[in-house]
Amino acid sequence: MLAAAAIHVPAIRYLAIMPVIVLLGGAILLLAFQSLLRGPMRLRMATVATVAISLAAFGLAWWQWADVEAHGPYTTIAHAVVTDGFSVLVTVLVSAVMALSAMVAEGYLAREGIEGGELHVLALVSASGAVLMAQANDLVIVFLGLEILSIALYVLSAYNHRRAESGEAGLKYFVLGGFSTAIFVYGIALTYGATGTTNLTQLADFLSRNVLIHDGLLLAGMALLLVGFAFKVAAVPFHMWTPDVYQGAPSPITGFMAAVAKAGGFAAFLRVFVSSFGVLRADWRPIIYVLAIVTLVVGAALAVVQRDIKRMLAYSSVNHAGFVLLGLQAASAVGVSSALYYLFAYGFMVVGSSAVVTVIGRHGDRDHDIAAYRGLARRQPLLALCFAVLLLAQAGVPFTTGFLAKLQVVVASVDGRSVPLAVVAMASAALAAFFYLRVTVLMYGPGPDAAPAPVGPGDPPLAVARRTRLNAALLLELAPVAVADQPQRAALAERVPVPALAAVAVGICVLVTVVLGVFPAPLVDFAHRATLLFVP
Amino acid sequence: MSIPGEWYLVLAAALFIVGALGLLVRRNVLIMFMCIELMLNAANLTFVTFSRMLGDIGGQVIVFFVLVVAAAEVVVGLGIVVAIFRRRASTSADDLNALKG
C-alpha cells in the first residue's frame, strides 16, 4: 500500500532549461556578489558579469541547437517545457540583445550617476522570463514566463528615480500590464474548463480529436488569451501603454523592452495560436487579420506626427508588431519562420537605435526632441551614419535585414491568401518610411545654429538661398518647430560623449543588420529550420 | 444541499466584470490594484470550480501559482506607488500626466 504511493517525479533534461537557469541564477549571484564591491568598479564588474552570463546563455542555446539538429525537438519536465528550433532561435536573440543592452546601460548608469548594477540584475531576470515564454509548452508556464518578464520590466521602467517620467511610466505599465495579466489568467481558466488541460500539446490533441458542440467557453477563453498577448506585444487597440512607457523608461530599457518583450510575447503568441489552436484557425485568423491592419495603419500614422524620438520609436514598434502579426495571420510554418526572422532583425535594429538615442539624450536623459538630431552628421559623422543605417533598415531598405524581414512576412501573407492584408502592410511601410527618412534628413541637414536665421532686406542672393533652405527645413518638419533659445541651441551644437561600450554595441547592431542583409542565407536558413515542435 | 458548479462560474464571471469595470472607472491607483486582485481571484475561483467539475487536481495547483504571482506583482506595484508618492503626495491616476504627445 505504502510502496504503491511512491511519488513519481518527472524526468528533467537539464540542457533544455540551462539557459533559463544560467540567466536567473546568474542574476541572483550577481545581486549577492556586487554588494561586496564599492565605487565605480562595482558597476564595471556588474556589466562584465552580465555580458558573461548572457554569452553563456548564448553558447548554451547553440549547444541546444546542435542537440535539436542531432536528436530532434523534445519536451521535458512532464511535457511542460519544450526545446525546438523555435525556442532556440528566441533564446539566441534574447541573450544577444541582453548582452548588448547591458553594454549600453553601463554608459547610461555612469552618466546619470546611478550606483550599482541592479538594473543589470532585473534585466537578466526579465530575459530569463522571455526565454521561458519561448520554451513553454503549458499555459501555466507561459503565464509564469510572462510575469517574470513583466514584473522585472515594471521596475526597470521606473528605475531612474530622479526622473518623474520614469516613475509614471512604471506605474502606467504596471496597471495596464496587471490588467492584461488578469485577462490572460481568466482566459487560461476558461480554456482549462473547456478542454480539461492547460498543456499545449494535449490541447492541440484534444481539439483535433473532438468537435465541441457548445464551444462558447473555448472561444471566450481563446479570445481572452488573444487580448492578453495583444497587450504584451502592443497591437492596436491594446497599445495605449506603449508610447508613454517607451518615452518614460530609461532609454537603454526602451530598446531592451522593445526587443525582448516583443520576442517573448510573440514567441508564446505564435506557439499557442499556431500550434495549439491551429485547428481553430478559421475562428482566429479573421480577428488577427483585422488586428494586423489596424496595428499597421495606426502605428505608422501616429509615428509620423511625433516630435519625441522615443515616442516615435514606440509607435514604430507598434507598426513592426503589425508586420509580425502578418506572419501569425498566415498560420503556417512559413508564416512562423518569417515572424521569427522579423523579430530577430527588429531586435538588433531597435537595440542599436535606442543605444544612439541614449547617447544623444545627454545627462538627464532629456534631449529626445528630434531637433537634437539636426546636423548630427556634421558633428559626429560616424554616429549619424550608424543611426541612419539602423533607421533605414527599420524602414525596410534593401541590403539590410529589415528589407528581407518585411519581404518574408508579406510573402507568407500572400501564401496564406491574405493579399489585401499584404497590400495594406506595404502601404504602411511606405508611410512608415517617411518618419525614418525625416530623422535621417535632419541629421544630414544644416546644424541647429543655421536654421532660424532672420532674412534681412539686403544681400538678395544670400537671402533667397537662406529662404529656400528654411523652406526645405519647414517641409521636412511638417510640425511647427519649437524655436530653441540661444544657450540651449549652443548646447545642442556640441558633440555628445559616446561611451566605448555603447559604441561597440551600436557597431555590433549595425554589423548584424548590414552583414546579414547582404548575406542573408545563414539567418534565413536558421529561421526556416527553427520550426515549432508541432504545426497542424 | 448541493450548489451547482455553474453558480460558482457565474459568480466568478461577475467578480471579473466588477474588477474590470472598477479598474476602468476608478482613479485611485490603490483601488485599481484591488480591482486587479479581484480579477485574478475571479480567475482562481473559476480554476477551482472547473477542477471540481472535471475531477482534475491540476486546476487547484494553478491557483497557487496565480496567488504567488499576484503577491509578487502587488509588492512591485506598491513599491512604485511609494516612489511616486514621495514626489507628489497623491495616488490619483489623473495626476500622472507628464507623459503625453
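Everything numeric here is computed off the predicted structure, so don't read it as measured data. Both backbone and side-chain heavy atoms feed into the values below; hydrogens, waters and symmetry mates do not. Proteins come first, then strands; the chains are lettered A, B, ... in the order of their sequence lines, and each starts at number 1.
A:N210 contributes a side-chain N or O that, together with a main-chain N or O of A:F206, makes up a donor-acceptor pair within less than 3.5 Å. For A:N199 (side chain) and A:H79 (main-chain N/O), a donor-acceptor pair under 3.5 Å exists by modelled atom type. One N or O on the side chain of A:R438 and one on the backbone of A:V304 form a donor-acceptor pair closer than 3.5 Å. One N or O on the side chain of A:Y192 and one on the backbone of B:G59 form a donor-acceptor pair closer than 3.5 Å. Looking only at distances, no side-chain donor or acceptor of A:S126 sits under 3.5 Å from a matching main-chain atom of A:L122. Panel note: side chain A:R162, backbone A:E112; a donor-acceptor pair is recorded below 3.5 Å. Listed for the A:S166 side chain is no donor-acceptor partner under 3.5 Å among the backbone atoms of A:R163. In terms of modelled atom types and a separation under 3.5 Å, the side chain of B:N44 and the main chain of B:L67 share no donor-acceptor contact. Between the side chain of A:Y159 and the main chain of A:P250, no donor-acceptor pair closer than 3.5 Å is present.
Looking at A:F184, neither its backbone nor its side chain comes within 4.5 Å of chain B, counting heavy atoms on both sides. For A:V175, the parts lying under 4.5 angstrom from a heavy atom of chain B are both the backbone and the side chain. With a 4.5 angstrom heavy-atom cutoff, A:I148 does not touch chain B via any of its atoms. For A:L139, no part lies under 4.5 angstrom from a heavy atom of chain B. For a residue to count as touching a neighbouring chain, one of its non-hydrogen atoms must lie under 4.5 Å from one of that chain's; by this rule A:L217 touches chain B with the side chain only. Interface remark: A:T198 contributes side-chain atoms only to the contact with chain B (heavy atom separation under 4.5 Å). Both the backbone and the side chain of B:A72 come within contact range of chain A, each with at least one heavy atom under 4.5 Å from a heavy atom of that chain. Proximity to chain A (any heavy atom under 4.5 Å) is shown, for B:S51, by both the backbone and the side chain.
For residues 13-21 of chain B, a heavy-atom distance under 4.5 Å to chain A picks out B:A13, B:F16, B:A20, given by residue number.
Residues A:S157 and A:K172 have side chains that never bring a donor and an acceptor to within less than 3.5 angstrom of each other.
Among the candidates A:T197, A:D308, A:L144, the residue making the largest number of heavy-atom pairs closer than 4.5 Å to chain B is A:L144. Taking chain A as the reference chain and counting heavy-atom pairs below 4.5 Å, the highest number among B:T49, B:D56, B:V75 is found for B:D56. The candidate from B:V74, B:V66, B:L40, B:V69 with the greatest count of non-hydrogen atom pairs under 4.5 Å with chain A is B:V69. Here A:G178 is the residue among A:G178, A:G187, A:G248 with the most heavy-atom pairs under 4.5 Å with chain B.
Residues A:E165 and A:Q247 have side chains not in contact (no heavy-atom distance under 4.5 Å, counting atoms from C-beta outward). The side-chain heavy atoms of A:T191 and A:M222, taken from C-beta on, include no pair separated by under 4.5 Å.
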